[in-house]
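The block underneath contains the structure these notes are about, expressed in structure tokens.
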Amino acid sequence: MSSNTKVQGRQKITDKTLWISVPKELDHHSAEQISQEADGLVRQKDIREIVFDFSDTVFCDSSGIGMLMGRYKMMKALGGNVRAVQAGERVGKILMLSGIMKIIPVEKKQGGMQDEKE
Amino acid sequence: MSSNTKVQGRQKITDKTLWISVPKELDHHSAEQISQEADGLVRQKDIREIVFDFSDTVFCDSSGIGMLMGRYKMMKALGGNVRAVQAGERVGKILMLSGIMKIIPVEKKQGGMQDEKE
Amino acid sequence: MKRNEMKIEFDSISDNEAFARVTVAAFMAQMNPSMEEVADVKTAVSEAVTNAIIHGYEGKVHKITITGVIEDALLSLEVADQGVGIRDVKKAMEPLYTSRPELERSGMGFLFMEAFMDEVQVSSRPGEGTIVTMKKMIGQHGE
Amino acid sequence: MKRNEMKIEFDSISDNEAFARVTVAAFMAQMNPSMEEVADVKTAVSEAVTNAIIHGYEGKVHKITITGVIEDALLSLEVADQGVGIRDVKKAMEPLYTSRPELERSGMGFLFMEAFMDEVQVSSRPGEGTIVTMKKMIGQHGE
Ligand SMILES: Nc1ncnc2c1ncn2[C@@H]1O[C@H](COP(=O)(O)OP(=O)(O)O)[C@@H](O)[C@H]1O
Ligand SMILES: Nc1ncnc2c1ncn2[C@@H]1O[C@H](COP(=O)(O)OP(=O)(O)O)[C@@H](O)[C@H]1O
């Protein structure tokens, strides 16, 4: 596989960046799935950055925060980093409240997988 | 009041026709409300026809059929009539299954309050 | 085998007809149903709940329960009231039969339940209440 | 006074987190809530139900119940499990405290419940289970 391959519907890898399209509802159920998938890819491939794209996400609870924190710790340990993009109003509110914006850069409504797709 | 008045958000009277915009979900709860409102207007005003506009309706059960039958009987007794317009796929299926199309003309996706509004 | 179970209990007021429909639709969402299957099940639930409110409890406020079970692709629903019950179930299930024509009932409730579900069973005892059991295979489209 | 009541009971599997949220949202629909109020309540319910699944039952499949009561503009919710319970409720409710960091819990569950509801009370007994009671005034916007 080249370093510019779509891996699944919800993920793609561009250069050394793993883009993850976060589902409509980010809760304990979906957060566990995303974590597993992301960790598998990071183990297999040379990934320096994970970008979480919240374009489609209308619901997020504290399990989502745990998922982001977990990926952040893993990437830090590997010398990489984590970003969140395309956060809508609700997701922005939750990320703000959690204080995670102090350690993970969060962009609202610009960039992200939506724009990256051909 | 003139004979060309909007009575409520969901109804209007044009000449001697009462147009009723059926809500999103037509069940026992909403059917009772519509029947009461329609019957009140028919008692007060000179109405020869009731047109039920299903543009917005995505759910209908047998209480909706009972409501239509009841208005049909009332208008027949007064020498008037009843029509249904703008029936979508689901409403069409329910009206078909009920057999009510044999006594009340049903139009799909043309005419109706949507087009009549200025 | 995939299995899941839920039970809801709510007051017999007409506001809760929509609540019951949405709840059952949310429960079956994990079965990957088509839009039409969801609409079919919502219609059947609406009929059974409306009957419990109007006929079972005759407008008085008591409890209605819905039990839902998912076993792989099979959805089973039970709508129960502890109302007046039905003396002659066979007659009640005849198309167009209604005991309350003055309430503009069309007598098509059981007809719709049977049209939209694969199986409908009614168990009732006068003075004790009614249980309507309905089953439908879900998400088998395109197979 | 407008009053309505419901109770749901479901298996402690993560599929049912979304089910619980949608059910409570459907129940409160009759209170004419704002989109934000619905999102706030869904988040609080999601936290309490997730806790019952992960902490209360430690991943094993048992029953969770949610009771909802509407009294005019007041929504009261009770999320209950019969799981392991909480020894020190005060400590459990401290922001960022979690007993399961290895499961990537953030310790923000109670924080979110308190942020999004007007009132949160926890009653728990080790070995018997936990009841989280939450209240919120709904639909008072623009007054
Ligand atoms: N839960 C119930 N409790 C008591 N009687 C019922 C119940 N459900 C149905 N019935 C009886 O069965 C009849 C037929 O029901 P149905 O086909 O739904 O038509 P409808 O509700 O329009 O009368 C009702 O008129 C009523 O007499
Ligand atoms: N239903 C429950 N049963 C048992 N323990 C619970 C329950 N809910 C919460 N707890 C305890 O309270 C702690 C804090 O909960 P919370 O603030 O939601 O954070 P988190 O779920 O991220 O751990 C949990 O780690 C757990 O020890």
Side-chain angles (χ1 to χ4, degrees), chain A residues 20 22-40 42-43 50 52 54 56-78 82 84 87-104 106 108, chain D residues 10-22 24-25 34-59 64 79 92-93 95-117 120 132:
Chain A
I20 296 182
V22 181
K24 235 178 130 210
E25 312 219 314
L26 180 56
D27 62 2
H28 161 239
H29 185 70
S30 55
E32 282 200 337
Q33 288 172 2
I34 294 173
S35 299
Q36 271 172 27
E37 290 163 12
D39 295 3
V42 169
R43 262 194 304 275
I50 304 180
F52 290 94
F54 282 92
D56 301 334
T57 310
V58 293
F59 179 86
C60 176
D61 67 14
S62 77
S63 299
I65 305 299
M67 184 274 286
L68 286 173
M69 287 295 301
R71 284 342 102 221
Y72 169 80
K73 285 180 191 161
M74 174 180 69
M75 291 309 283
K76 271 291 133 181
L78 299 170
V82 166
E89 214 180 309
R90 185 71 197 174
V91 170
K93 186 175 179 177
I94 297 283
L95 296 183
M96 181 74 78
L97 186 62
S98 73
I100 204 171
M101 282 169 163
K102 286 176 213 144
I103 57 166
I104 295 177
V106 176
K108 302 198 183 172
Chain D
F10 52 91
D11 289 341
S12 57
I13 60 181
S14 66
D15 266 319
N16 287 336
E17 291 158 6
F19 167 68
R21 292 196 294 271
V22 176
V24 172
S34 68
M35 300 262 289
E36 190 169 14
E37 285 170 334
V38 175
D40 287 355
V41 171
K42 283 173 104 169
T43 308
V45 167
S46 201
E47 299 297 348
V49 169
T50 301
N51 280 351
I53 293 174
I54 296 179
H55 303 299
Y57 292 129
E58 301 177 311
I64 298 171
V79 180
M93 292 182 82
L96 305 186
Y97 171 79
T98 178
S99 56
R100 305 298 296 272
E102 79 284 10
L103 294 180
E104 298 197 338
R105 305 306 302 159
S106 62
M108 294 181 190
F110 283 124
L111 186 73
F112 280 19
M113 290 182 243
E114 291 187 310
F116 294 129
M117 302 295 284
V120 178
V132 178

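Within every chain, numbering begins at 1; the chains are lettered A, B, ... in the order of the sequence lines, protein sequences first and strands thereafter.
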Measure the CD-OG distance between A:Glu32 and A:Ser63 for me, rounded to the nearest 0.5 Å.
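So the gap between those two atoms works out to 8.0 Å.
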If you measure from NE2 on A:His28 to CD1 on D:Ile53, what distance do you get to the nearest 0.5 Å?
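Between A:His28 NE2 and D:Ile53 CD1, I get 6.5 Å after rounding to 0.5 Å.
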Between [X] and chain A, with a heavy-atom cut-off of 4.5 Å, which part of the residue counts as in contact: side chain, backbone, both or neither?
X	answer
D:Ala44	neither
D:Asn51	neither
D:Asp15	both
D:Thr50	side chain
D:Ala115	side chain
D:Leu96	neither

Distance-only donor-acceptor check, side chains A:Ser30 and A:Asp27, under 3.5 Å
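Yes, A:Asp27 and A:Ser30 have a side-chain donor paired with an acceptor closer than 3.5 Å.
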What part of A:Ile94 lies closer than 4.5 angstrom to a heavy atom of chain D: side chain, backbone, both or neither?
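Backbone plus side chain of A:Ile94, per the 4.5 Å heavy-atom cut-off to chain D.
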Part of A:Lys73 lying under 4.5 Å from any heavy atom of chain D:
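Contact with chain D: none, neither part.
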For chain D, find which of A:Cys60, A:Gly99, A:Ala31, A:Ser98 contributes the most heavy-atom pairs closer than 4.5 angstrom.
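Going by pairs under 4.5 Å, I would pick A:Ser98.
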Go through A:Leu95 and A:Ile65 one step at a time and tell me if the side chain to side chain contact (heavy atoms under 4.5 Å, CB included) criterion holds.
CA-CA 7 Å; A:Leu95 296 183; A:Ile65 305 299; 3.7 Å; yes
Go through it in stages, so that I can follow the logic: the residues are A:Phe52 and A:Met67, the test is side chain to side chain contact (heavy atoms under 4.5 Å, CB included), and I'd like the CA-CA distance, side-chain angles, deciding distance and then a yes or no.
CA-CA 11 Å; A:Phe52 290 94; A:Met67 184 274 286; 3.6 Å; yes
When A:Asp39 is tested against each of A:Gln36, A:Arg43, A:Glu37 for side-chain contact (heavy atoms from CB on, under 4.5 Å), which residue passes?
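Testing each of A:Gln36, A:Arg43, A:Glu37 against A:Asp39, the sole residue satisfying side-chain contact (heavy atoms from CB on, under 4.5 Å) is A:Arg43.
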Is any side-chain heavy atom of A:Phe54 closer than 4.5 Å to a side-chain heavy atom of A:Arg90?
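Heavy-atom side-chain distance check fails, nothing below 4.5 Å.
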